[in-house]
Amino acid sequence: MTDNVIVIGSDHAGFPLKQVLRAHLEEKGCDIIDVGTDGTESVDYPDFGAAVAQVLKDGKASRGIVVCGTGIGISIAANRHDWVRAGLCHDTTSARLCRLHNDANVLALGARLIGEEVAKDCVDVFLATEFEGGRHQRRVDKLGFAEST
Ligand code: RB5
């Protein structure tokens, strides 16, 4: 079972927040697969969006969290993979709705745009909220994802 396993990745701009979120998730009892980056040396966010996507494809984790400066680049990178539904969130409302309506399997956050407490709240809501299904299932199906995680 990978229900309790979260894959997390960031670029250098997202690294400090990734570390905060990793500790927060471990405190909650989650198992973490951390694909890096491992410091503040400049790296390229597509590499880490792709690494998170690969872990999901391999079925080693059920949900992912990606972080860069704005959350934009790494969410675009993750969404290049057709089994990923990454939602870029700045508050708990967007974190809740990306699960309820979009069945997002990846939460994208912008470390330079939101504070640590908001980010932790977003993670908690993202993980606690189930997909609503119904009319939203039809719409998610039209996105054409190859598989669902
Ligand atoms: C890195 O400087 C920054 O461009 C990156 O973290 C991200 O914000 C890109 O979308």
Side-chain angles (χ1 to χ4, degrees), residues 2 4-129 131 136 139-149:
T2 59
N4 202 38
V5 184
I6 309 298
V7 55
I8 188 164
S10 75
D11 71 353
H12 55 289
F15 172 74
L17 182 59
K18 174 171 72 68
Q19 300 309 98
V20 167
L21 296 178
R22 180 181 170 154
H24 178 65
L25 288 162
E26 284 171 343
E27 265 178 39
K28 286 165 64 77
C30 295
D31 291 328
I32 307 300
I33 298 173
D34 187 341
V35 299
T37 188
D38 301 321
T40 53
E41 188 181 332
S42 185
V43 292
D44 299 330
Y45 58 79
D47 298 337
F48 298 91
V52 166
Q54 188 60 50
V55 170
L56 291 171
K57 185 171 194 188
D58 292 343
K60 294 178 181 163
S62 56
R63 305 254 180 105
I65 296 171
V66 293
V67 190
C68 68
T70 59
I72 297 170
I74 204 161
S75 64
I76 293 171
N79 275 320
R80 302 287 291 178
H81 305 272
D82 66 4
W83 57 92
V84 170
R85 296 175 296 279
L88 174 56
C89 298
H90 300 101
D91 49 57
T92 54
T93 305
S94 47
R96 181 170 52 84
L97 287 170
C98 81
R99 287 291 307 133
L100 282 174
H101 289 189
N102 312 115
D103 198 16
N105 55 2
V106 172
L107 172 67
L109 297 167
R112 292 173 175 163
L113 302 182
I114 63 170
E116 290 179 3
E117 293 307 313
V118 172
K120 285 192 276 188
D121 286 347
C122 286
V123 166
D124 290 347
V125 169
F126 178 76
L127 295 180
T129 306
F131 179 46
H136 301 296
R139 294 162 186 168
V140 168
D141 288 346
K142 286 186 176 182
L143 293 171
F145 292 108
E147 59 189 78
S148 180
T149 54

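Just follow the structure's listing: the first ligand is 1, and inside any ligand the first atom is 1.
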A.B. asks: Ion pair present between Lys120 and Glu116, side-chain N to carboxylate O less than 4.0 angstrom?
C.D. replies: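 Here Lys120 does not pair with Glu116 in a salt bridge, since their nearest N and O are not under 4.0 Å apart.
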A.B. asks: Please step through side-chain contact (heavy atoms from CB on, under 4.5 Å) for the pair Leu143 and Asn102, ending with a clear verdict.
C.D. replies: CA-CA 10 Å; Leu143 293 171; Asn102 312 115; 5.9 Å; no
A.B. asks: If you round to the nearest 0.5 Å, how far is CG of Leu97 from OG1 of Thr129?
C.D. replies: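 One finds 9.0 Å between OG1 of Thr129 and CG of Leu97.
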A.B. asks: N or O contacts of ligand 1 with protein under 3.5 Å, please list pair by pair.
C.D. replies:
unit_1	atom_1	unit_2	atom_2	d
ligand 1	2 (O)	Arg112	NH1	3.4
ligand 1	6 (O)	Asp11	OD2	2.5
ligand 1	6 (O)	Gly69	N	2.8
ligand 1	8 (O)	Gly69	N	3.3
ligand 1	8 (O)	Thr70	N	3.0
ligand 1	8 (O)	Thr70	OG1	3.2
ligand 1	10 (O)	Thr70	OG1	3.3
ligand 1	10 (O)	Gly73	N	2.9

A.B. asks: Answer yes or no: does atom CZ of Arg80 have more than 12 heavy-atom neighbours from other residues, nucleotides or ligands under 6.0 Å?
C.D. replies: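 12 or below, so no.
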A.B. asks: Can you confirm whether Lys28 is buried at NZ, in the sense that more than 12 heavy atoms of other residues, nucleotides or ligands lie under 6.0 Å from that atom?
C.D. replies: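 Count over threshold, so yes.
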A.B. asks: If you draw the axis of the six-membered ring of Phe131, does the NZ or CZ of Arg99 fall within 45° of it and under 6.0 Å from the ring centre?
C.D. replies: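 Judged by the rule, Arg99 and Phe131 form no cation-pi pair.
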